[in-house]
Amino acid sequence: MKEDQWVSGRIIQGGIWEEDLVNKVLVQMNNFPNAVFIDIGSNIGVFSLAVASKGRTVISIDCLKGNVERLCNSIKSAGFDKRMTIVYNALSNERKNFSLGTYEGNVGGTYIKEPASGDSLISSILLDDLVPLFELKEVVVKMDVETHEANVLHGAKKFFDSVKSTISY
């Protein structure tokens with residue numbers, strides 16, 4: 001809770017993070033029974049795990065190693081490894097190296113930024129890069145990437161050309 005007072009702190013205190021939004025996503029998944037859920041900026045997987053618990057296919061995307069490790073453990077513990085895929089990358093409008101910025105006490109508020117000298121680097125991919133990897137005909141998308149959403153969407157032309165319908169939260 002000391003490292004992440006927002007997401008982890010709320011889960012510890014109340015058992016769930018953003019329950020109202022999780023429920024809205026679940027409603028949309030019911031409205032689109034053939035859709036794959038794509039969780040961009042999945043963090044520790046609250047939305048992804050809720051959707052997977054309903055038997056649905058999920059693609060979780062996050063660029064923080066600790067988040068991906070926690071989500072891998074949750075997937076294994078819950079037995080969701082056949083319906084969940086994790087993409088360990090940042091998404092942007094160009095393939096390049098970025099570094100990560102953080103806010104003290106808010107791991108979930110981590111954002112990508114232009115690298116400064118000596119920063120650790122992460123590589124970004126485009127949402128378009130997922131098209132040949134997955135059979136995506138219909139999707140429901142949740143995106144929370146700390147003010148980088150427009151950049152992600154600018155890297156998604158092929159993606160939007162290939163999917164039947166997309167709902168964003």
Side-chain angles (χ1 to χ4, degrees), residues 1 3-92 100 102-103 106-112 122 124-127 129-130 133-153 155-156 159-160 163-169:
M1 201 159 134
E3 285 180 46
D4 182 25
Q5 63 189 3
W6 297 106
V7 178
S8 299
R10 296 257 169 92
I11 291 171
I12 290 166
Q13 292 173 351
I16 191 165
W17 167 251
E18 295 185 329
E19 182 175 15
D20 58 330
L21 294 177
V22 170
N23 288 330
K24 287 179 180 182
V25 165
L26 293 174
V27 166
Q28 291 305 318
M29 292 305 295
N30 285 335
N31 290 338
F32 296 90
N34 298 314
V36 171
F37 180 63
I38 301 179
D39 190 354
I40 302 171
S42 63
N43 198 295
I44 59 173
V46 172
F47 291 85
S48 294
L49 295 166
V51 171
S53 75
K54 303 298 182 187
R56 303 298 294 273
T57 300
V58 175
I59 300 169
S60 301
I61 305 166
D62 205 276
C63 65
L64 290 177
K65 182 180 179 188
N67 287 346
V68 170
E69 289 171 343
R70 286 176 187 87
L71 187 50
C72 283
N73 288 334
S74 295
I75 290 169
K76 185 177 178 182
S77 295
F80 294 160
D81 53 305
K82 300 280 191 253
R83 66 182 82 129
M84 287 186 73
T85 301
I86 299 173
V87 176
Y88 177 31
N89 269 106
L91 290 180
S92 192
L100 297 174
T102 59
Y103 303 107
N106 186 5
V107 175
T110 300
Y111 55 93
I112 66 174
I122 60 165
S124 67
I125 61 172
L126 309 179
L127 195 51
D129 293 333
L130 300 183
L133 302 176
F134 300 98
E135 191 172 317
L136 300 172
K137 294 181 180 165
E138 188 172 46
V139 299
V140 171
V141 176
K142 186 280 290 176
M143 182 172 12
D144 183 2
V145 290
E146 302 303 315
T147 73
H148 205 72
E149 289 83 1
N151 297 71
V152 172
L153 294 175
F159 176 83
F160 286 114
V163 296
K164 180 178 170 188
S165 61
T166 303
I167 292 81
S168 283
Y169 277 96

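Computed over heavy atoms, backbone and side chain alike; hydrogens, waters and symmetry mates excluded.
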Inset, instruction - Output, in order, the C-alpha distance, side-chain angles, deciding distance and verdict of side-chain contact (heavy atoms from CB on, under 4.5 Å) for L21 and K24. - result: CA-CA 5 Å; L21 294 177; K24 287 179 180 182; 4.3 Å; yes
Inset, instruction - Please assess S60 against S42 for the test side chain to side chain donor-acceptor pair (under 3.5 Å), listing each intermediate value before the final yes or no. - result: CA-CA 6 Å; S60 301; S42 63; 4.5 Å; no
Inset, instruction - Please step through side-chain contact (heavy atoms from CB on, under 4.5 Å) for the pair L71 and L49, ending with a clear verdict. - result: CA-CA 9 Å; L71 187 50; L49 295 166; 4.0 Å; yes
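Considering only heavy atoms from C-beta on, I125 comes within 4.5 Å of L130 through its side chain. S53 is listed as a side-chain neighbour of F80, based on a closest heavy-atom distance under 4.5 Å. Side-chain atoms of V51 and K54, non-hydrogen and from C-beta on, never get closer than 4.5 Å to each other. I86 places a side-chain heavy atom less than 4.5 Å from the side chain of C72. No side-chain heavy atom of N151 sits under 4.5 Å from any side-chain heavy atom of I112. Taking 4.5 Å as the limit, every side-chain heavy atom of M84 sits out of range of all side-chain heavy atoms of T57. F37 places none of its side-chain heavy atoms less than 4.5 Å from the side chain of R56. Side-chain contact between V139 and I59: absent, with no pair of heavy atoms (C-beta onward) separated by less than 4.5 Å.
When all heavy atoms of G41 and D62 are compared, the pair lying nearest together is C-OD2, 3.6 Å. In this structure, Y88 and L64 approach most closely via the heavy-atom pair CE1-C, 4.0 Å. Taking each heavy atom of F47 and V22 in turn, the nearest pair found is CE2-N, 3.5 Å. The two residues E135 and K137 come nearest to each other via the heavy atoms OE2-NZ, 3.2 Å. Smallest separation of non-hydrogen atoms from A90 and I122: CB-CD1, 3.7 Å. Listed here is the closest heavy atom pair of L91 and H148: O-CD2, 3.4 Å.
R70 contributes no side-chain N or O that, together with a main-chain N or O of I44, makes up a donor-acceptor pair within less than 3.5 Å. Judged by distance alone, with hydrogens and angles left aside, the side-chain atoms of Q28 form no donor-acceptor pair with the main-chain N or O of L26 at under 3.5 Å.
Legend: residues meeting side chain to side chain donor-acceptor pair (under 3.5 Å) with T85, ordered by chain and number and at least two apart, are absent.
Atom CG of L126 and atom CG of D129 lie 4.5 Å apart (nearest 0.5 Å). With rounding to the nearest 0.5 angstrom, the CZ atom of F159 is 4.0 Å from the CD1 atom of I38. How far CD1 of I40 is from SG of C63: 12.0 Å, rounded to the nearest 0.5 Å. Taking CD from E138 and CG from L136, the interatomic distance works out to 11.0 Å, rounded to the nearest 0.5 Å. Atoms OG and CG, on S92 and L153 in that order, are 11.0 Å from each other to the nearest 0.5 Å.
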